[in-house]
Amino acid sequence: MHFVKRILANCNQTSNIGMETTLSVEELNKREAEFDAKIASGITIEPKDWMPERYRKQLLRMMSQHAHSEVVGMLPEGNWITRAPSLARKAVLLAKVQDEAGHGLYIYSAAETLGMDRSEMIDQLLSGKAKYSSIFNYPTLTWADIGAIGWLVDGAAIVNQTVLAKCSYGPYARAMLRICKEENFHNKQGYQIMAYLMRGTKEQREMAQDAMNRFWWPSLMMFGPSDTNSPNSGDLMKWKVKLHSNDDLRQRFIDRTVPQAEAIGLRIPDENLKFNESTRHYDFGEINWEEFKQVVSGNGPCNKLRMKQRADAHTNGAWVREAAAAYSAKKAASKN
Amino acid sequence: MSSKNALIEYCLRIADNSSILAHRLSEWSGHGPILEEDIAMSNMALDLIGQARGFYAYAATLENKGRSEDDLAFRRDAREFVNRNLVEQPDHKDFGTAIMRSFLYSCLSYLQFRTLMNSNDETVSGLSAKAIKEVIYHVRHCGDWIVRLGDGTEESHQRITDSLNDLWMYTNELFEQNEVDAILLNDGVGVDLTLLQQDWLNLVKEIFSQAQLTIPDVGGYQSSGGIKGLHTEHLGFILAEMQFLPRAYPDAIW
């Protein structure tokens with residue numbers, strides 16, 4: 001079994017970690033210049049290529065955070081699998097949440113090329129050292145929330161990830177390409193749930209609008225702080241890990257989502273939202289950054305619950321992982 | 001009972017088994033011991049939902065009362081469900097119990113579909129031919145885990161032994177038959193489960209011997225009656241959860 005090997009492996013990866021300490025200042029400068037030139041000419045960076053330590057660290061932070069988001073993101077939607085209203089909806093939702101697990105796997109694997117084992121990344125998540133997307137700290141209260149998440153949350157993720165598919169780190173970019181294809185399907189199934197609700201009974205329409213009201217603003221927050229207040233953006237943009245600013249991507253999401261909402265009769269819960277003829281974009285109201293700050297720092301409605309759910313799964317599964325490793329070791333020993 | 005009514009009942013049995021076991025497996029989504037296993041359990045659940053849909057849809061067509069596959073899954077009460085009681089048993093988020101439950105059921109399911117592939121009823125044989133490919137994977141996947149857990153650590157051996165001991169009382173019932181089976185056997189449509197019991201035991205024993213597990217002593221209470229709609233207390237809760245939306249909003253289309 002693949003993962004057993006991984007459990008048993010002693011994280012002895014042959015990456016460039018630690019090499020910088022042996023380099024002279026001249027050599028380091030030379031390599032950085034070569035690296036910058038590569039980035040400038042659009043050549044992707046691959047795991048065995050030399051890279052500045054800060055690049056590796058920032059990417060690892062971003063990619064592990066992304067992988068954690070996929071995995072924690074399974075929880076709010078998983079909350080409705082056993083209550084899906086038809087067999088077809090249940091199968092689609094189950095497959096979607098399963099896709100998220102798959103995305104988590106791709107991205108963990110891609111992140112491992114930067115020299116950190118998956119189990120270590122998971123430890124960082126569970127200890128609270130690593131973050132995940134704050135959107136998953138909001139509860140799913142009705143079936144319509146499943147529509148809202150697929151449509152808005154996956155929609156926002158697509159805007160982010162389509163750009164990431166062109167980022168400078170090869171393994172990340174390639175993972176994004178594959179993931180985007182599946183996210184497009186998720187986005188459509190979410191929109192379809194909302195469309196069905198909006199042409200359904202009065203109660204269904206109210207359910208859909210309520211989900212829209214609760215998920216709209218948190219979805220906008222998914223793009224992160226405004227450009228004037230985004231601490232990591234500078235370096236990431238220089239290295240072409242980020243290709244557009246948070247505000248640009250947020251605007252792109254709003255511009256494509258508002259007409260979709262209108263098409264099925266959903267109101268956007270923002271009285272300042274208005275199409276601006278001169279900019280050809282939607283103007284929108286002020287995001288509640290205090291709420292964002294609170295949720296990011298652990299004070300959202302479900303932060304504690306999500307971490308408890310992840311920690312419980314990890315703890316309850318420990319004996320299974322140990323058994324698999326022990327069995328695999330026995331088999332290996334009996335072969336020798 | 002007419003042949004048609006027997007066939008409807010037979011399809012409902014297969015579909016109920018599949019949908020209830022799928023429900024139990026789907027409870028694991030996001031909570032597996034490792035990401036790979038989360039994916040595998042969802043896969044099994046998805047296969048089972050597909051099987052349930054096929055057999056519910058066929059039952060709905062045969063009865064021709066304007067009911068859909070979803071009406072059959074979401075608008076029948078516990079006493080009308082005809083699944084075997086094994087599949088509705090809770091696992092309390094114990095991975096070994098979940099795997100053991102699926103293993104014991106999948107071994108039967110495999111043998112049953114293998115025979116039903118040659119059913120005189122074309123729809124039954126077609127659905128079975130599709131299902132068997134999936135079920136072979138379920139047997140293999142769960143069997144592999146049982147060996148790993150049985151022959152893993154002392155703790156895992158004890159835990160999987162406990163799961164086996166807890167679930168064994170639901171295995172006799174897997175082979176219970178009634179008038180429905182007699183009619184369909186006579187029509188060349190169904191299977192004689194009594195003929196499968198020994199094969200099932202051999203299959204199960206083979207894996208257990210690799211896993212260093214022993215079959216519990218048969219004694220004490222043996223579950224009975226799932227095919228007559230006599231269930232354990234757990235089914236009512238599964239249905240309360242599963243059927244909530246269609247029941248709460250009877251006019252809604254989702």
Side-chain angles (χ1 to χ4, degrees), chain A residues 1-4 7 71-79 81-91 93-95 97-102 104-105 108 118 122 142-143 193 196-197 199-201 203-204 207 309-310 312-314 316-328 330-331, chain B residues 19 22-43 45-46 49-50 52-53 56-57 68-70 72-74 93-96 99 144-145 147-157 159-160 238 241-246 248-249 251-254:
Chain A
M1 296 266 306
H2 186 59
F3 79 88
V4 175
I7 289 168
V71 175
V72 177
M74 296 167 74
L75 297 168
E77 289 178 284
N79 184 34
I81 290 174
T82 55
R83 289 176 291 171
S86 71
L87 290 169
R89 288 279 178 222
K90 186 158 158 162
L93 181 58
L94 190 53
V97 177
Q98 186 192 36
D99 283 349
E100 310 296 358
L105 266 186
Y108 279 130
R118 193 204 317 179
I122 290 172
T142 71
W143 172 251
I193 289 176
Y196 265 66
L197 293 174
R199 64 177 191 230
T201 63
E203 289 151 316
Q204 283 178 300
M207 200 186 270
Q309 289 169 318
R310 282 314 315 155
D312 284 352
H314 195 69
N316 291 341
W319 71 276
V320 177
R321 296 189 298 274
E322 283 158 19
Y327 177 77
S328 177
K330 275 187 209 173
K331 288 289 127 182
Chain B
S19 68
H23 183 98
R24 282 295 186 215
L25 282 166
S26 73
E27 291 172 338
W28 280 86
S29 179
H31 306 280
I34 193 157
L35 219 35
E36 285 84 343
E37 206 44 38
D38 233 304
I39 293 172
M41 289 171 107
S42 295
N43 250 347
L46 281 165
I49 293 173
R53 291 183 70 185
Y56 279 138
S68 66
E69 59 177 52
D70 285 329
L72 293 173
F74 293 89
K93 287 286 183 292
D94 178 81
F95 179 74
I99 286 291
D144 283 352
W145 268 110
V147 174
R148 259 181 233 124
L149 298 176
D151 191 19
T153 61
E154 218 171 288
E155 182 189 2
S156 70
H157 180 81
R159 290 179 73 138
I160 195 72
I238 293 180
E241 187 172 342
M242 183 172 119
Q243 299 180 337
F244 145 68
L245 278 171
Y249 303 93
D251 303 325
I253 295 165
W254 305 93

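Only this structure's heavy atoms are used, side chains among them; waters, hydrogens and symmetry mates stay out. We name chains A, B, ... by the order of the sequence lines, and we start the count at 1 in each one.
At a 4.5 Å heavy-atom cutoff, the contact between Arg89(A) and chain B is made by side-chain atoms alone. With a threshold of 4.5 angstrom between heavy atoms, Arg310(A) approaches chain B through side-chain atoms but not through N, CA, C or O. With a 4.5 Å cut-off on non-hydrogen atoms, Ala252(B) touches chain A through its backbone and its side chain both. Of the atoms belonging to Asp151(B), heavy atoms from both backbone and side chain fall under 4.5 Å from chain A. In this structure, chain A has a heavy atom under 4.5 Å from the side chain of Arg159(B), while its backbone stays farther away. For a residue to count as touching a neighbouring chain, one of its non-hydrogen atoms must lie under 4.5 Å from one of that chain's; by this rule Ile49(B) touches chain A with the side chain only. For chain B, the nearby part of Val71(A) is the side chain; its heavy atoms alone come within less than 4.5 Å. Using a 4.5 Å cut-off between heavy atoms, Ser86(A) touches chain B through backbone and side chain atoms alike. Within the 4.5 angstrom heavy-atom criterion, only backbone atoms of Ala84(A) (N, CA, C, O) approach chain B. Heavy atoms of Leu75(A) lying under 4.5 Å from chain B belong exclusively to its side chain.
Here Phe95(B) and Trp319(A) keep their ring centres 6.0 angstrom or further from each other.
One distance of note links CG of Leu87(A) with CG of Leu94(A); it measures 11.5 Å at 0.5 Å rounding.
Counting only heavy atoms from C-beta outward, the side chains of Ile81(A) and Val97(A) approach each other to under 4.5 Å. Contact of the Trp254(B) side chain with the Ile193(A) side chain is not registered, since no non-hydrogen atoms from C-beta on lie closer than 4.5 Å. With contacts defined as side-chain heavy-atom distances shorter than 4.5 Å, the pair Phe74(B)/Leu245(B) does not qualify.
Judged purely by distance below 3.5 Å, without hydrogens or angles, the side chains of Tyr56(B) and Ser68(B) never pair a donor atom with an acceptor atom. A donor-acceptor contact closer than 3.5 angstrom is absent between the side chains of Gln204(A) and Trp143(A). A donor-acceptor contact closer than 3.5 angstrom links the side chains of Glu241(B) and Thr82(A).
With chain A as the partner, the residue from His31(B), Glu155(B), Met242(B), Arg53(B) showing the most heavy-atom pairs under 4.5 Å is Arg53(B). Chosen from Gly200(A), Pro85(A), Gly78(A), the residue pairing most often with chain B at heavy-atom distances under 4.5 Å is Pro85(A).
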